[in-house]
Each structure stands twice: as structure tokens, then as C-alpha cells.
Amino acid sequence: MIKLGVDVTIFATKQTQTHAKVEYITDTPLSEIDAQLHGDITQKHIKHALEQSKNYDIIHNHFNIHPVLLAHTTSTPMITTLHGSASEKDNAGYYEQCKNENFVSISYAERSFMPRLNYLANVYNGVDFTKYTVKRNVGKYFVFSGRIVKEKGILSAINLSQQTTIPLKIAGIITDQEFFDTKVKPHIDDNLITFVGNLPYIQLVLLLQDALATVCLVEWDEPFGLSALDSLACGVPIIATRRGALPELIYDDTMGIIVEDMNEAIERLDEIYEVNSDACAHLAREKFSSEAMAEGYLECYLKLIKQSKIL
């Protein structure tokens, strides 16, 4: 946004690394603070931002439903990116109450969770493609990248590896330890199935350089899928379930295969070997670059400002 000439202030933590201005009430991220304090800090954070709202033309909320409930307290237009939050059933009543506020979906599939909201636009998540390197070989193993929970399809990825005897490397954060210990860990043999931990993006890019494909056989309606985007940015094709936003990410045959089940994934595996990595990365960049995302949001901001002046 700054490169587009926008004056940006981010309400975050003091440690945030950005070229924008930073407003904060705490030095450290919530992940480093006692969980019992999260609620109190969150409410103070929202209050701090809204108290200064008169200093800005637009409030862009990435903080779930809580600020939306207070949007009526400020004359500054607020736009809220859902980031999958509309899928949280506990908040469904709140979203219904605020359905006429301004929302942005990160995929058209995400809208299925709350179709009655006032969607100003759909703006796909974007990444900085200069941080990725397009792979230069066919690849020799599958990659699973993301939160290690059942709905992300980790067990299907393991099954695909075992049925095809193509090794699988698992990278991600364990958010359900019991599930990992009882359902995933028994398959890890450091030969066919390997767990490499939660990797920073630099190491993840290195892992993808020798990957045949990234496996995204999800078991829920994924609102987006940044791990799939990491893969596509490296020219690594995706093997994905036809669920959620994945068909929007893999919108061309050059980017991978969309399947109904495991049998189809195995039957169509040969198509993965035919993917051109440069073409795959090029198509991904057209829709999912940080530049495209910024331009999409700028269009939303200008639209809201124009509407507010008319009112």
C-alpha cells in the first residue's frame, strides 16, 4: 500500500517490522503473553484504534468480528477482511447483526459461510513473489505444509504417499498435539514419511525446490490456503480436493489437479509430471501477488471514501 502512495498506520505491537507507522499498546505479540491476558489486551487494542479513527480516512479491520460490532461508534468507514472468521459458528449471530457493514472475502468460496453479508469486493491474499525461487527439476517427494490438524487432510497426504511410494515431507505447526501423537506420528519413519517441523519461509522455499507436488487433500471448505500459494509461487503444482477456495487457486491445469477422492488423485498423478514450473508460477503471480492484493484493497478504499462523502 505504501508503494501505491498510501499513508499507512498499523495498529499492532511495538516489535512489528514494517515501513508503515506503528501504533501499539504492547511490545510483544500475544503468542508471547500469558493467555489469560489475551482478552483484556485485545479489547484495549481495539479501543486504542477506534479512539484514533478520526485521524484516518479508512479503518481496515483484520481482527475478526469484535471491531465490527463497534463500527457504528465512528464516522470513519470500516472495511473488514474475514480471513475465514465467518466460518466460526459462535460468531454467526454477530455477523448477522452486522451484515450491512462492509466486508471483503478472500475467496468467493469463503462467502458460503455467511452469504448474506454486504461484500464490497473479493480480494485474494497475496505474497511477495520476489521471496520465492521457481524450482528447476521435476521433484522427488510430496510436501504437506500447514497446520497439522485433521481437516487439513494430513492423513490423506500420508495415505497418498503410502499408496504411491512417493516420499512425503510434512512441514507445519502442531496445533492438535493429541491428534499428531495418535494419528500422524505412528506413520513417521524418516524414510517414506518425514516430519521436518514448522519452517520459516526461507527453509520452506528450499524444501519446495525438490518437491514433485504439494498435497492439499483438505477435509473442509478451506477459505483460502496460503500453503498452496507458497507452493504455486515456487512453480510446484498442487494435488487438491475440490473443496473451498482451492479450485480458485488452482484455476488452470498448469497449476495442478483438482480431484474428488484419493483414487482420482492416484489415477491422474502422471499429469503432475507434465507441469511447467515457470508457467505455474506465472499464473499464480497474475492473481496472487502482493501488488494485486494492494491494488484490490485500494480500489475498495476509494469506493468507500466516495460513498462516505456522498452520504
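One-based numbering along the sequence shown.
- R147 has no carboxylate O lying under 4.0 Å from a charged side-chain N of D176, or vice versa, which leaves the two without a salt bridge.
- The two atoms that bring F113 and A86 nearest to each other are CB-O, 3.6 Å, heavy atoms only.
- At distances below 3.5 Å, at least one donor-acceptor pair connects side-chain atoms of N118 with backbone N or O atoms of E101.
- Using a 4.5 Å cut-off on side-chain heavy atoms (C-beta onward), T133 and C234 make no contact.
- Note on V123: it clusters hydrophobically with I305, by side-chain heavy-atom contacts below 4.5 Å among ILVMFWY residues.
- Geometrically, K152 does not engage F144 in a cation-pi contact, judged by NZ or CZ lying under 6.0 Å from the ring centre and within 45° of the ring axis.
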Task: side-chain contact (heavy atoms from CB on, under 4.5 Å) between D7 and K21, worked out - done: CA-CA 8 Å; D7 183 7; K21 302 169 187 173; 3.3 Å; yes
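- Listed for the Y251 side chain is a donor-acceptor partner under 3.5 Å among the backbone atoms of L283.
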- [ ] Could you check V138 against Y273 for side-chain contact (heavy atoms from CB on, under 4.5 Å), going step by step and ending with a plain yes or no?
- [x] CA-CA 7 Å; V138 174; Y273 291 92; 3.6 Å; yes
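- Inter-residue side-chain proximity for T74 and K54 is flagged as unmet; no heavy-atom pair is nearer than 4.5 Å.
- A cation-pi arrangement, defined by a distance under 6.0 Å to the six-membered ring centre and an angle within 45 degrees of its axis, is absent between K150 and F179.
- Atom OH of Y94 has 12 or fewer neighbouring heavy atoms from other residues, nucleotides or ligands inside a 6.0 Å radius.
- For the pair S277 (side chain) and G235 (backbone), a donor-acceptor distance under 3.5 Å is present.
- Side-chain contact between Q163 and M262 is present, with at least one heavy-atom pair separated by less than 4.5 Å.
- Between the T214 side chain and the I238 main chain, no donor and acceptor come within less than 3.5 Å of each other.
- Considering SG of C98 and CD1 of I65, their distance stands at 4.5 Å, rounded to 0.5 Å.
- The side-chain tip of K185 does not point at the ring of F195 from less than 6.0 angstrom away and within 45° of straight on.
- Between L212 and K140 the shortest side-chain heavy-atom distance does not fall below 4.5 Å.
- Between S145 and S227, the side chains place no donor N or O within less than 3.5 Å of an acceptor N or O (distance only, hydrogens not considered).
- The aromatic rings of Y297 and H62 lie perpendicular to each other, with more than 60° between the two planes, well past the 30° mark.
- T28 is not listed as a side-chain neighbour of T13, based on a closest heavy-atom distance of 4.5 Å or more.
- Checking side-chain atoms of D34 against main-chain N and O of L37 turns up no donor-acceptor pair under 3.5 Å.
- One finds no salt bridge joining E299 and K303 here, because no Lys/Arg side-chain nitrogen approaches an Asp/Glu carboxylate oxygen to under 4.0 Å.
- Residue-environment remark: NE2 (H187) exceeds the threshold of 12 foreign heavy atoms within 6.0 Å.
- Between F63 and H66, the ring planes lie perpendicular to each other; the angle is over 60°, past the 30° to 60° tilted range.
- Not a single donor-acceptor pair under 3.5 Å links the side chain of T241 to the backbone N or O of R243.
- Between S289 and V127, every side-chain heavy-atom pair lies at or beyond the 4.5 Å cut-off.
- Hydrophobic clustering (ILVMFWY, side-chain heavy atoms < 4.5 Å, transitive): I188 and L199 are in distinct clusters.
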TODO: Given side-chain contact (heavy atoms from CB on, under 4.5 Å), test Q162 with L168 step by step and report yes or no.
DONE: CA-CA 9 Å; Q162 291 170 337; L168 171 69; over 6 Å; no
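- Cluster membership check: I2 shares its hydrophobic cluster with L298, using side-chain heavy-atom separations under 4.5 Å among Ile, Leu, Val, Met, Phe, Trp and Tyr.
- Side-chain contact check for D230 and Y132: at least one donor-acceptor pair (N or O, by modelled atom type) lies under 3.5 Å.
- The minimum heavy-atom distance between Y24 and A12, with the atom names listed, is CB-O, 3.5 Å.
- Using modelled atom types and a 3.5 Å distance limit, the side chains of S290 and D128 yield no donor-acceptor pair.
- Linking ILVMFWY residues whenever their side-chain heavy atoms come closer than 4.5 Å, directly or via other members, leaves L249 and L217 in distinct clusters.
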TODO: Evaluate side chain to side chain donor-acceptor pair (under 3.5 Å) for E267 paired with N263, printing each intermediate quantity in order.
DONE: CA-CA 6 Å; E267 290 172 2; N263 289 336; 5.9 Å; no
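- Heavy atoms only, all atoms of each residue included: C216 and L246 are closest at O-CD1, 3.6 Å.
- Under the 3.5 Å distance criterion, with hydrogens and angles disregarded, a donor-acceptor pair is assigned to the side chains of Y95 and S85.
- Here E96 pairs with R116 in a salt bridge; the nearest charged N to carboxylate O distance falls below 4.0 Å.
- A donor-acceptor pair is defined here as one N or O able to donate and one able to accept, closer than 3.5 Å; no such pair exists between the side chain of H60 and the backbone of T80.
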TODO: Show your reasoning for whether side chain to side chain donor-acceptor pair (under 3.5 Å) applies to E88 and N64.
DONE: CA-CA 10 Å; E88 300 170 2; N64 207 323; 3.2 Å; yes
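- Nearest heavy atom pair, residue Q15 against residue P29, reads OE1-CD, 3.7 Å.
- Under 4.0 Å is where a charged nitrogen must lie from a carboxylate oxygen, and between D278 and R136 at least one such pair does.
- Not a single donor-acceptor pair under 3.5 Å links the side chain of D252 to the backbone N or O of M255.
- Counting heavy-atom neighbours within 6.0 Å of E32 CD, excluding the residue itself, gives a total above 12.
- Side-chain atoms of H38 come within 3.5 Å of backbone atoms of I33 as a donor-acceptor pair (strictly under, hydrogens ignored).
- The closest side-chain heavy-atom distance from D210 to K135 is not below 4.5 Å.
- In terms of hydrophobic clustering, with Ile, Leu, Val, Met, Phe, Trp and Tyr side chains grouped at heavy-atom distances under 4.5 Å, V184 and V196 are assigned to different clusters.
- In this structure, the side chain of Q97 does not engage the main chain of G93 through any donor-acceptor pair within 3.5 Å.
- Proximity of T9 to V22: side-chain heavy atoms (C-beta onward) are nowhere separated by under 4.5 Å.
- Counting heavy-atom neighbours within 6.0 Å of E286 CD, excluding the residue itself, gives a total above 12.
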TODO: Kindly determine whether T175 and I148 satisfy side-chain contact (heavy atoms from CB on, under 4.5 Å), including the steps that lead there.
DONE: CA-CA 6 Å; T175 55; I148 301 175; 5.9 Å; no
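- Ring geometry, Y124 versus F224: the interplanar angle falls from 30° to 60°, so the pair is classed tilted.
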